Amino acid sequence: MQDFKNINYEIIENLRTTDFKKRVEGIQYGTAGFRTKAEDLVHVAFAMGILSVLRSKLKKAAVGIMITASHNPECDNGLKLVDPSGEMLETAWEKIATDLVNADDNNFVPTLRKVIKDQGINEAAPATIILGRDTRKSSPKLAEAAIKGIDACHATLKDFGIVNTPQLHYLVVAVNTNGEYGDSSLSGYYQKLSTAFKNIRGTRINNGQYSAELQLDAANGVGALAVKAFQEYLKGFLTVNVCNDGSGELNYMCGADYVKIQQVPPLNVVSKPNVRCVSIDGDADRIVYFYTDENNKFHLLDGDRIATLVAEYLKGLLQESQLSLNIGLVQTAYANGGSTDYIKNNLKVPVACVSTGVKHLHHKALEFDIGIYFEANGHGTIIFKDSAMKVIRDAAKDKNTTESQRKAAAKMTDVIDVINQTVGDALSDMLLVETILHAKGWNLSDWEESYNDLPNRQLKVKVQDRNAIETADAERLCVKPKGLQEQIDDLVKQYSRGRSFVRPSGTEDIVRVYAECENAADVEKLAAEVAVAVYNLANGIGPKPVVPSKM
Ligand code: G16
């Protein structure tokens with residue numbers, strides 16, 4: 001790290017009151033950092049550049065800044081900070097970030113000084129920032145503003161230019177572990193994942209119903225660049241045909257978020273029936289699989305499916321290698337009831353439910369030797385405790401066990417290297433799913449047979465103030481506005497295996513409604529009824545809205 005030079009408060013004050021004046025009030029660090037219209041984020045980027053330096057000084061390690069708005073439309077953008085271990089910014093610092101960004105221009109420096117004092121930050125400590133951005137038109141300007149903040153604090157900057165979110169997380173960890181996690185370069189990232197993938201695959205490229213070719217919808221986002229780069233490394237082992245590769249509009253009728261929520265194929269994916277297709281999202285940290293059958297019926301295999309597939313596979317490898325490590329699975333309220341029943345009754349793996357946002361899932365997953373976490377929207381990964389990785393690596397070399405035990409352990413060591421443990425990574429997850437389908441000789445319909453999803457629907461409701469909705473119990477209970485939960489309960493009661501919950505989005509200015517029940521025709525109605533209740537109560541229309549009764 002660079003030698004220390006003082007934080008230049010004079011320059012900071014000057015810039016905050018000229019180029020980076022506050023544009024909007026009340027912007028919050030949400031599910032995935034700050035996210036809103038790109039033109040309202042310039043002062044936020046400047047403040048985040050500075051705050052990342054303070055965080056780096058405090059943690060005595062490199063901190064990341066990623067500029068992206070992932071699944072949001074092109075006109076939006078966002079910034080999130082990445083902690084030294086590759087995790088999302090610690091929750092307590094989200095408030096610090098929100099307060100700093102919202103400080104009045106002339107109160108910005110005093111707020112900054114207060115953070116330094118309250119957190120006991122040693123201003124003389126060195127700092128390193130790892131910066132990355134997506135391909136949005138607004139991203140270079142935000143990167144420039146962040147760099148002005150970083151420079152004013154005289155920190156070391158490693159600007160990786162255009163990268164996707166999981167690559168940025170990887171780079172932060174690679175830098176902080178001095179290359180132990182992987183070489184701190186993009187080529188290091190591709191090399192690590194693809195080498196492990198090819199090791200497991202060996203010389204048998206196709207197997208049973210599995211063929212080594214798929215269609216990939218890249219949401220016209222930054223992930224397309226990584227897919228293209230990967231193609232070189234995977235040549236001869238996996239053919240990935242890319243569409244929505246950046247030549248069209250970002251996230252418009254494509255990408256994992258669109259495919260999951262609308263439950264339809266994306267634009268431009270033209271494939272024969274039963275062809276394996278995947279959609280990644282705008283910054284390549286989410287993935288869903290899908291196919292269309294010979295009757296033109298659409299089939300979605302989402303994050304719940306990936307989690308169960310991985311859990312079953314790893315459980316099998318643990319049994320073969322006779323290692324007694326515990327596995328746990330973490331979901332959110334969006335997890336389909338069908339998947340949760342399957343995990344409890346068939347897989348018999350402990351399963352936990354936490355609030356939306358990978359930071360919550362990641363923390364919970366850390367409790368297990370092997371923690372598998374996935375949001376239904378396809379955002380997730382698998383994390384191994386250091387002690388568990390040591391047990392597995394030792395077992396792969398243990399001459400006192402049988403060959404099959406050693407082989408299973410050795411396979412697990414490669415699986416560990418295919419996985420980007422730092423955060424959900426669409427392409428790493430894809431390589432893992434491809435590995436498992438190949439091992440089983442499965443096509444997508446074989447995979448789909450493990451359990452049945454309950455029909456489900458998600459709706460977005462625009463209200464005056466989405467913060468009028470407050471939730472508890474991992475978002476499964478609505479505690480505000482008064483009376484809304486009772487209405488949801490009354491509606492849900494009318495449907496067999498009915499379940500519904502509502503929560504304010506942390507990335508869009510809307511309230512999300514989720515509904516599921518046994519009958520596909522009913523689920524649309526249940527979701528619509530709950531949406532009406534949300535609209536009425538959140539907007540103060542009432543006291544009791546007219547809710548259509550079940551036909
Ligand atoms: C982000 C978060 C995810 C979350 C999603 C939607 O994803 O990283 O954990 O599920 O937003 O969040 P919300 O429902 O609060 O809008 P991404 O891929 O958009 O960064």
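Below, each value reflects all heavy atoms present in this structure, side chains not excepted, and no hydrogens, waters or symmetry copies. One-based numbering, in listed order, for ligands and for the atoms of each. Here the structure is a predicted model, which means the values were calculated and not measured.
The aromatic rings of Tyr514 and Tyr334 stand perpendicular to each other, their planes meeting at an angle above 60°, with 30° marking the opposite boundary. Ring-plane geometry between Tyr291 and His299 is classed as parallel, the angle between the planes falling under 30 degrees on a 0 to 90 degree scale with a further cut at 60. Ring orientation note: the planes of Phe34 and Tyr29 are nearly perpendicular, at an angle over 60° on the 30°/60° scale.
Figure legend: Arg55 and Trp93 shown as a cation-pi pair, the cationic atom lying under 6.0 angstrom from the six-membered ring centre and within 45 degrees of its axis.
Each of Asp76, Asn72, Asp509, Asn77 was compared with Arg35 under the side-chain hydrogen bond (donor to acceptor under 3.5 Å, both in side chains) criterion, and only Asn72 meets it. Of the residues Arg466, Lys462, His71, the one that meets the side-chain hydrogen bond (donor to acceptor under 3.5 Å, both in side chains) test with Glu508 is His71.
Protein residues are said to neighbour a ligand when one of their heavy atoms lies under 4.0 Å from it; for ligand 1 these are Thr31, Ala32, Arg35, Ser70, His71, Lys80, Asp281, Asp285, Arg286, Thr356, Gly357, Val358, Glu375, Asn377, His379, Arg503, Ser505, Gly506, Thr507, Arg512.
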